Amino acid sequence: MKSIYLYLACLLSIFLFACQGNGRYPDARQETLKASMSDYEFIDIEGTRHLLKDMKRNYKLLIFYDPAAAESQQEIAAMKQSPLLAQWIASGKVSVLAICATGDLSFWNAYKKHIPSQWVNGFDIKGETRMKSFFSVSSFPSLVLLDDANETVKMGAGHKSLLSLLSSKCSSAN
């Protein structure tokens, strides 16, 4: 008889725990999850700490790169050649944040001359890029386009695709 009560208690506890997860977080928890992307922290080339939420632009183009990887070097070189991107940066519509998300500070410092001065040259000092899933960075380079509220517009695309998307968004904002 005792085993039946134990069995029923187990079934009841399984039922209660299974019913609690409805796949939706309470609003306070959702705010915490949204805020985590805005609270992404990096240092700039002078060693000053910044938060992503402090960058005030219509769009933020994040480039997570490895300074030792040829693919990252090629993507950055190609993006530097874009006159439209330079124009959007100059007009204040777009901010480009190049984040060295791998390697060490010596690699980053050696590569700093390849990052345009109009871009923010950052280093992921805490290693958050790989630890937090909201960036979904699995290879380098990885590009992420964010809006002014730090919501993801597009990620995982090449620079040509992102520049095309930015072109339609920046021209419609005029």
Side-chain angles (χ1 to χ4, degrees), residues 25 27 30-67 69-103 108 111-174:
Y25 292 110
D27 290 338
Q30 283 181 337
E31 289 302 316
T32 304
L33 290 173
K34 281 185 180 179
S36 62
M37 186 177 289
S38 292
D39 293 336
Y40 176 71
E41 186 176 3
F42 61 93
I43 61 169
D44 65 16
I45 204 69
E46 286 85 32
T48 306
R49 291 184 183 267
H50 298 275
L51 295 175
L52 188 57
K53 68 182 173 188
D54 295 332
M55 295 178 67
K56 304 294 183 198
R57 292 288 188 263
N58 292 350
Y59 295 97
K60 299 167 197 96
L61 179 55
L62 282 62
I63 307 164
F64 295 100
Y65 72 95
D66 177 357
E71 297 86 3
S72 293
Q73 295 170 6
Q74 291 167 354
E75 192 83 11
I76 289 170
M79 290 178 69
K80 288 186 337 187
Q81 301 301 316
S82 171
L84 271 177
L85 184 59
Q87 178 185 348
W88 296 326
I89 293 168
S91 70
K93 293 179 181 178
V94 176
S95 182
V96 177
L97 173 57
I99 295 285
C100 177
T102 185
W108 179 52
Y111 192 73
K112 69 182 175 186
K113 65 181 179 270
H114 298 285
I115 303 297
S117 60
Q118 301 84 5
W119 297 8
V120 177
N121 187 2
F123 185 82
D124 184 2
I125 195 73
K126 292 182 177 180
E128 290 182 313
T129 304
R130 290 191 169 198
M131 291 187 305
K132 299 208 175 164
S133 62
F134 49 71
F135 287 124
S136 299
V137 174
S138 58
S139 64
F140 298 105
S142 228
L143 280 70
V144 179
L145 181 63
L146 303 175
D147 63 13
D148 60 343
N150 292 327
E151 297 288 327
T152 304
V153 176
K154 190 164 188 169
M155 64 186 344
H159 76 277
K160 289 181 182 178
S161 172
L162 287 178
L163 293 179
S164 175
L165 177 63
L166 268 173
S167 184
S168 67
K169 292 192 175 290
C170 288
S171 64
S172 66
N174 290 334

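Note that this is a predicted model, so its numbers are computed, not measured.
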Indicate the atoms forming the closest heavy-atom contact of Asp124 with Ala101, along with that distance. CB-CA, 4.1 Å
At what distance, to the nearest 0.5 angstrom, does CG of Asp44 lie from CD1 of Ile125? 11.0 Å
Identify the heavy atoms of Gln73 and Pro67 that sit nearest to each other, and give their distance. NE2-O, 2.8 Å
Go through the steps to decide whether Gln118 and Ile89 satisfy the test side chain to side chain contact (heavy atoms under 4.5 Å, CB included), and finish with yes or no. CA-CA 7 Å; Gln118 301 84 5; Ile89 293 168; 3.9 Å; yes
Return the CD1 to CG distance between Ile99 and Asp66, rounded to the nearest 0.5 Å. 13.5 Å
Atom pair NE2/CG of His50 and Asp54 - distance to nearest 0.5 Å: 8.5 Å
Got a second to check how far Leu51's CG is from Tyr40's OH, nearest 0.5 Å? 11.0 Å
Taking atom NZ of Lys93 and atom NZ of Lys169, what is their separation to the nearest 0.5 Å? 13.5 Å
Once rounded to the nearest 0.5 Å, what's the spacing between atom CG of Leu62 and atom CG of Leu97? 4.5 Å
How close do Ser95 and Met55 get, heavy atom to heavy atom, and via which atoms? OG-CE, 2.9 Å
With salt bridge (Lys or Arg N to Asp or Glu O under 4.0 Å) as the criterion, how do Lys53 and Asp39 come out once you've worked through the C-alpha distance, each side chain's angles and the decisive distance to 0.1 Å? CA-CA 6 Å; Lys53 68 182 173 188; Asp39 293 336; 3.2 Å; yes
Paired with Val153, the side chain to side chain contact (heavy atoms under 4.5 Å, CB included) test is passed by just one of Leu61, Val144, Leu145, namely Leu145
If you take all heavy atoms of Leu166 and Trp88, which pair is closest and at what distance? CB-CZ3, 3.6 Å
Hydrogens and angles aside, do Trp108 and Asn121 bring a side-chain donor and acceptor to less than 3.5 Å of each other? yes
Which heavy-atom pair separates Phe42 from Gly122 by the least distance, and what is that distance? CD1-CA, 4.1 Å
In the structure I gave you, are the side-chain heavy atoms of Met79 and Leu85 within less than 4.5 Å of one another anywhere? yes
Is any side-chain heavy atom of Thr102 closer than 4.5 Å to one of Phe140? yes
Can you tell if the side chain of Thr152 reaches within under 4.5 Å of the side chain of Leu146, non-hydrogen atoms only? yes
Sub-4.5 Å side-chain heavy-atom contact between Val120 and Val96: no
Residue pair Glu71 / Pro141, side-chain heavy-atom distance below 4.5 Å: yes
Taking all atoms of both residues into account, what is the closest heavy-atom pair of Ile43 and Arg49, and its distance? CG2-CG, 3.7 Å
Geometric class of the Tyr65/Tyr111 ring pair [parallel <30°, tilted 30-60°, perpendicular >60°]: tilted
Is any side-chain heavy atom of Ile76 less than 4.5 Å from a side-chain heavy atom of Trp119? yes
Is there a side-chain contact between Leu52 and Lys60 in this structure, where contact means two heavy atoms from C-beta onward sitting under 4.5 Å apart? yes
Looking only at atom types and distance, does a side-chain atom of Glu75 sit under 3.5 Å from a main-chain N or O of His159, one as donor and one as acceptor? yes
Lys154 vs Ser161, test: side chain to side chain donor-acceptor pair (under 3.5 Å). Steps then yes/no. CA-CA 10 Å; Lys154 190 164 188 169; Ser161 172; 3.2 Å; yes
